[in-house]
Engineer: 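Mind looking over this structure? Questions follow.
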Amino acid sequence: MLTKSLKSRVLLVLAMCVMCATVLAGCSANNAESEAQTQNRQYMTSVNQIMEDLNANMEEFTVAVQDGEVIALSSRLDSVTDAVEKLKALSVPDAMKDIHAQYVAGAEELQTALQLYVQLYEDVQAPASGSFDYGTYADRLAEVQSHYDAGIAALQDADTKVSQA
């Protein structure tokens, strides 16, 4: 009887060890998943802050345009460039790489639109050749608008991907 009892106990202990190992493995997988979710949330918090800064700088850019302040335009453009560089420098979780590429593309398109606008504004104010060729104005303004629209579309696409993730 002792051997059967001992065998039963050993089997019982072995079964309990297997169950504990299974539970621990499940916890480990849950911890990894939880860590990935935490990294994704931290990334999105950083993106959100950078986008808020970018938006604030774009609003100040609009005010500078309305006031005709060339120096303020350049300053706002520098601030937008800084925001784009911060966005590019973020540590990106693997699951967010495609979304990050969309955010960067959108921010760069907005940056390009503002750069082209500042250049157009400066050319109108003080043309290098002494007079501005207004025949090119509409085309140059359309190019600014095209980059702006592409930037907004890319940012909206990234936001849509985030909401579906």
Engineer: Show every salt bridge (Lys or Arg N to Asp or Glu O under 4.0 Å) that has at least one partner inside residues 126-153, sequence neighbours left out.
Structural biologist: Asp123-Arg140
Engineer: Side chains of Thr160 and Gln164: does their closest heavy-atom pair fall under 4.5 Å?
Structural biologist: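 Yes - at least one pair of side-chain heavy atoms lies under 4.5 Å apart.
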Engineer: Would you say the side-chain atoms of Asn57 pair up with the backbone N or O of Asp53, donor to acceptor, closer than 3.5 Å?
Structural biologist: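 A pair under 3.5 Å: yes.
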Engineer: Might you point out which heavy atoms bring Asn40 and Pro93 nearest each other, and give the distance in Å?
Structural biologist: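 Closest approach of Asn40 to Pro93, heavy atoms only: OD1-CB, 3.2 Å.
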Engineer: Is there a side-chain contact between Gln111 and Leu114, using heavy atoms and a 4.5 Å cut-off?
Structural biologist: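 No - every pair of side-chain heavy atoms lies 4.5 Å or more apart.
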Engineer: Is there a donor-acceptor pair under 3.5 Å between the side chain of Ser146 and the backbone N or O of Ala142?
Structural biologist: no
Engineer: I want to check something: taking the side chain as every heavy atom from C-beta on, are Val84 and Ile50 in contact at a cut-off of under 4.5 Å?
Structural biologist: no
Engineer: Just to verify, what does Ala72 make a side chain to side chain contact (heavy atoms under 4.5 Å, CB included) with, not counting sequence neighbours?
Structural biologist: Ala64, Glu69
Engineer: Should Val80 and Leu54 count as side-chain neighbours, where that means a heavy-atom distance under 4.5 Å?
Structural biologist: yes
Engineer: Out of curiosity, Met58 CE to Leu77 CG, how far, rounded to the nearest 0.5 Å?
Structural biologist: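 It comes to 10.5 Å.
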Engineer: Name every donor-acceptor pair, under 3.5 Å, that has one atom in a side chain of residues 97-109 and the other anywhere in the protein, sequence neighbours excluded.
Structural biologist:
unit_1: Lys97; atom_1: NZ; unit_2: Val92; atom_2: O; d: 3.3
unit_1: His100; atom_1: ND1; unit_2: Tyr43; atom_2: OH; d: 2.8
unit_1: His100; atom_1: NE2; unit_2: Leu87; atom_2: O; d: 3.4
unit_1: Gln102; atom_1: NE2; unit_2: Asp157; atom_2: OD2; d: 2.9
unit_1: Tyr103; atom_1: OH; unit_2: Asp159; atom_2: OD1; d: 2.5
unit_1: Glu108; atom_1: OE2; unit_2: Lys88; atom_2: NZ; d: 2.9
unit_1: Glu109; atom_1: OE1; unit_2: His147; atom_2: ND1; d: 2.6

Engineer: Could you measure the distance from the OG atom of Ser46 to the NZ atom of Lys86? Nearest 0.5 Å is fine.
Structural biologist: 11.0 Å
Engineer: Indicate, with yes or no, if Val124 and Leu116 share a hydrophobic cluster defined by side-chain heavy-atom contacts under 4.5 Å among Ile, Leu, Val, Met, Phe, Trp and Tyr.
Structural biologist: yes
Engineer: What about Tyr137 and Val65, same hydrophobic cluster or not, with Ile/Leu/Val/Met/Phe/Trp/Tyr joined at side-chain heavy-atom distances under 4.5 Å?
Structural biologist: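 Linked, Tyr137 and Val65 end up in one cluster.
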Engineer: Would a 4.5 Å heavy-atom cut-off, applied to side chains only, mark Met51 and Leu155 as touching?
Structural biologist: yes
Engineer: For Met44 and Met96: C-alpha separation, side-chain torsions, deciding distance, then whether side chain to side chain contact (heavy atoms under 4.5 Å, CB included) applies.
Structural biologist: CA-CA 9 Å; Met44 286 309 302; Met96 305 298 269; 3.4 Å; yes
Engineer: Would you give the length of the straight line joining atom CD of Glu60 to atom OG of Ser79, rounded to the nearest 0.5 angstrom?
Structural biologist: 7.0 Å
Engineer: A side-chain contact here means heavy atoms from C-beta on lying under 4.5 Å apart; do Gln145 and Tyr117 qualify?
Structural biologist: no
Engineer: Leu73 and Leu141: same hydrophobic cluster, using ILVMFWY side-chain contacts below 4.5 Å?
Structural biologist: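 Yes, because Leu73 and Leu141 connect within a single hydrophobic cluster, where side-chain heavy atoms sit under 4.5 Å apart.
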Engineer: Please state whether the rings of Tyr134 and Phe132 are parallel, tilted or perpendicular, taking 30° and 60° as the class boundaries.
Structural biologist: perpendicular
Engineer: Counting only N and O atoms by type, is there a donor-acceptor contact under 3.5 Å from the side chain of Ser75 to the main-chain atoms of Ile71?
Structural biologist: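 Such a contact is absent between Ser75 side chain and Ile71 backbone.
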